[in-house]
Enquirer: 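Structure provided below as structure tokens; questions to follow.
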Amino acid sequence: MKVIVIANQKGGVGKTTTALNLGAALASKNKKILLIDLDPQANLSSGVGFTSNFLKEKWDENEKPPYKSIYDILINNEKVSKVFVPTDTENLFLLPSHLSLAGAEVEMVNMLSRETILKQALSKFNEKMDYIIIDCPPSLGLLTVNALTSSDKLIVPIQCEYFALEGLGQLMQTMQIVKSINPNLSLGGVILTMYDSRTKLSENVVSDVRGYFGDTVFKTVVPRNVRLSEAPSHGQTILQYDSKSSGARAYKRLADEFIKRLM
Ligand code: ADP
Ligand code: MG
């Protein structure tokens, strides 16, 4: 079982879209996948159709959340096996997030071994999965550090936009620091997302990123495809929503490349 973290402290670069649809594409190739939603925004959880109405503002902070989530694992010592749920997609499972996770970083600060809470929880998880894929919030805080500490491979999505490489030095530095706690961790790959073939800019970003990261960049480039942005509002993966779309085809190719590289 390999643990993969999808991180980039920039928001809107395609982390959640990649976790969701790479996960679904791997599941369609008979890999058993556990998705972990480590973002308080819980976009991954609603993206696979997990009770998104629980996640809306109605929830009162003083009330107990209506379901168990990654928050309970990090803060209340709950077992992963008691929290994970199946999704509508065969072989695809989810550890859901919840808005309450927004306060978790503050609550974790005084905890013992606060950088390895997730790692410890996963080490007690006996269910056989091929891959665990962790979706991170857009920061390099304690949640992302917990994800990095738990993982074998870091995957970095980069949006084909201005300032694409901005902040990546910081992310690589954080990876190096985490290596002192988790020597297993290495860069598994960089994924170029939201490529727009009509613009020169996208082309320039691709060559800049390939120049900087070389062969660690996946050959498959994910195009800008409106179907990819529509699918989550239906609680569906791109394979369920429009399996013929350019987005679906890209994530299936990416899954093939991923299996070849990381297995
Ligand atoms: P992050 O998790 O890094 O913040 P998201 O995956 O949520 O980024 O993507 C940001 C926004 O861009 C979302 O609205 C998402 O639906 C959209 N998006 C992501 N990838 C694509 C794509 N390849 N084509 C079109 N829209 C995309
Ligand atoms: Mg996200």
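Whatever order the structure lists ligands and atoms in, that order sets their numbers, starting from 1. We're numbering straight along the sequence, starting at 1.
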Enquirer: List the steps, then state whether side chain to side chain donor-acceptor pair (under 3.5 Å) holds for Thr237 with Asn21.
Expert: CA-CA 6 Å; Thr237 71; Asn21 294 307; 4.7 Å; no
Enquirer: Would you call Asp256 and Lys29 a salt bridge, using N to O less than 4.0 angstrom?
Expert: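 A salt bridge is present here (some side-chain N lies under 4.0 Å from a carboxylate O).
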Enquirer: Does the N or O separation between Asp135 and ligand 1 drop below 3.5 Å for any pair?
Expert: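 Looking only at distances, the answer is no, because the N/O contact criterion of under 3.5 Å is not met.
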Enquirer: Examine the side chains of Tyr251 and Thr18 and answer whether a donor and an acceptor come within less than 3.5 Å of each other.
Expert: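 Tyr251 vs Thr18: donor-acceptor pair found between side chains.
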Enquirer: Can you find a non-hydrogen atom of Gly247 under 4.0 Å from ligand 1?
Expert: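 False for this residue.
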Enquirer: Is Thr193 close enough to touch ligand 1? Criterion: a residue heavy atom under 4.0 Å from a ligand atom.
Expert: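 No, Thr193 has no heavy atoms under 4.0 Å from ligand 1.
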Enquirer: Under 4.0 Å from atom 11 (C) of ligand 1, can you find at least one protein heavy atom?
Expert: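 Protein heavy atom within 4.0 Å of atom 11 (C) of ligand 1: absent.
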Enquirer: Mind checking whether Val13 has an N or O less than 3.5 Å away from an N or O of ligand 1?
Expert: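 In this structure, Val13 places an N or O atom under 3.5 Å from an N or O of ligand 1.
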Enquirer: So, Ser97 versus Asp39: side-chain donor-acceptor pair below 3.5 Å or not?
Expert: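 Judged by distance alone, the side chains do not pair up.
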Enquirer: Excluding sequence neighbours, so at least two apart, what forms ring pair (Phe, Tyr, Trp, His ring centres under 6.0 Å) with Phe218?
Expert: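 Applying ring pair (Phe, Tyr, Trp, His ring centres under 6.0 Å) to Phe218 gives none.
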Enquirer: Consider ligand 1: state whether an atom of it lies below 4.0 angstrom from any non-hydrogen atom of Val222.
Expert: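 Flag set, Val222 near ligand 1.
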Enquirer: Does a donor on one side chain and an acceptor on the other come within less than 3.5 Å for Lys153 and Ser186?
Expert: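 Side chains of Lys153 and Ser186: pair found under 3.5 Å.
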Enquirer: Of the options Asn225, Val206, Val205, which is the one that meets Tyr195 in a side chain to side chain contact (heavy atoms under 4.5 Å, CB included)?
Expert: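 Output: one option passes, namely Val206.
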Enquirer: Mark yes when over 12 heavy atoms from residues, nucleotides or ligands other than Asn126 sit less than 6.0 Å from its CG; otherwise mark no.
Expert: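 Count not over threshold, so no.
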Enquirer: Please check whether Lys10 reaches ligand 1 - meaning an N/O of the residue sits under 3.5 Å from an N/O of the ligand, judged on distance alone.
Expert: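 N/O-N/O distance under 3.5 Å: no.
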Enquirer: Looking only at side chains, do Asp37 and Ser45 share a donor and an acceptor under 3.5 Å apart?
Expert: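 Yes, a side-chain donor-acceptor pair sits under 3.5 Å.
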Enquirer: Ser229 heavy atoms, cut-off 4.0 Å: which ligand 1 atoms fall inside?
Expert: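 Numbered from 1, ligand 1 contributes 16 (O), 26 (N).
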Enquirer: Record the part of Pro157 in heavy-atom contact with ligand 1 below 4.0 Å; permitted values are side chain, backbone, both and neither.
Expert: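 Answer for Pro157: neither.
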Enquirer: Do ligand 1 and Gly11 have nitrogen or oxygen atoms that lie under 3.5 Å from each other?
Expert: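 Gly11 vs ligand 1: no N/O contact under 3.5 Å.
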Enquirer: Mind checking whether Pro138 has a heavy atom under 4.0 Å from ligand 1?
Expert: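 No; Pro138 lies far enough from ligand 1 that no heavy-atom distance drops under 4.0 Å.
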Enquirer: Check whether any N, O or S atom of Thr17, backbone or side chain, sits closer than 2.8 Å to the Mg ion (ligand 2).
Expert: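 Coordinating: no.
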Enquirer: Begin with the C-alpha distance, continue with both residues' side-chain angles, and end with the deciding distance and a verdict on salt bridge (Lys or Arg N to Asp or Glu O under 4.0 Å) for Glu257 and Lys260.
Expert: CA-CA 5 Å; Glu257 215 186 324; Lys260 256 191 227 145; over 6 Å; no
Enquirer: Decide whether the shortest distance between a heavy atom of Ala231 and an atom of ligand 1 is less than 4.0 Å.
Expert: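 Under 4.0 Å: no for Ala231.
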Enquirer: So if I count the atoms of ligand 1 from 1 in the order they appear, which ones are less than 4.0 Å from some heavy atom of Pro223?
Expert: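 Answer, ordered by atom number: 22 (C), 23 (N), 24 (N).
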Enquirer: So which heavy atom on Asp215 is nearest to which on Arg261, and how close?
Expert: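 Nearest heavy atoms, Asp215 then Arg261: O-NH2, 3.1 Å.
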Enquirer: Does atom 14 (O) of ligand 1 have any protein heavy atom closer than 4.0 Å?
Expert: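 When distances to the protein are checked, atom 14 (O) of ligand 1 has no heavy atom within 4.0 Å.
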Enquirer: Check whether any N or O atom of Gly14, backbone or side chain, sits under 3.5 Å from an N or O atom of ligand 1, and answer yes or no.
Expert: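 Between Gly14 and ligand 1 (N or O atoms, distance only) the closest approach is under 3.5 Å.
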Enquirer: Could you tell me, atom by atom, which parts of ligand 1 come under 4.0 Å of a heavy atom of Leu228?
Expert: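 Going through ligand 1 atom by atom, the ones under 4.0 Å from Leu228 are 22 (C), 23 (N).
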Enquirer: Would Asn225 count as a polar contact of ligand 1, with the cut-off being nitrogen or oxygen pairs under 3.5 Å?
Expert: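 Yes.
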Enquirer: Indicate yes or no: does Asp242 engage Arg227 in a salt bridge with an N to O separation below 4.0 Å.
Expert: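 A salt bridge links Asp242 with Arg227.
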Enquirer: What do you reckon, does Thr18 have a nitrogen or oxygen under 3.5 Å from a nitrogen or oxygen of ligand 1?
Expert: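 No, no N or O pair falls under 3.5 Å.
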Enquirer: Do Glu107 and Tyr71 pair up side chain to side chain, a donor and an acceptor below 3.5 Å, judged on atom types alone?
Expert: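 There is such a pair between these side chains.
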Enquirer: For atom 22 (C) of ligand 1, state whether the nearest protein heavy atom is under 4.0 Å away.
Expert: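 Yes, at least one protein heavy atom sits under 4.0 Å from atom 22 (C) of ligand 1.
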Enquirer: Could you tell me the residue and atom name of the protein heavy atom closest to atom 6 (O) of ligand 1, and the distance to it rounded to 0.1 Å?
Expert: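 Residue, atom and distance for the closest contact: Thr17 OG1, 2.6 Å.
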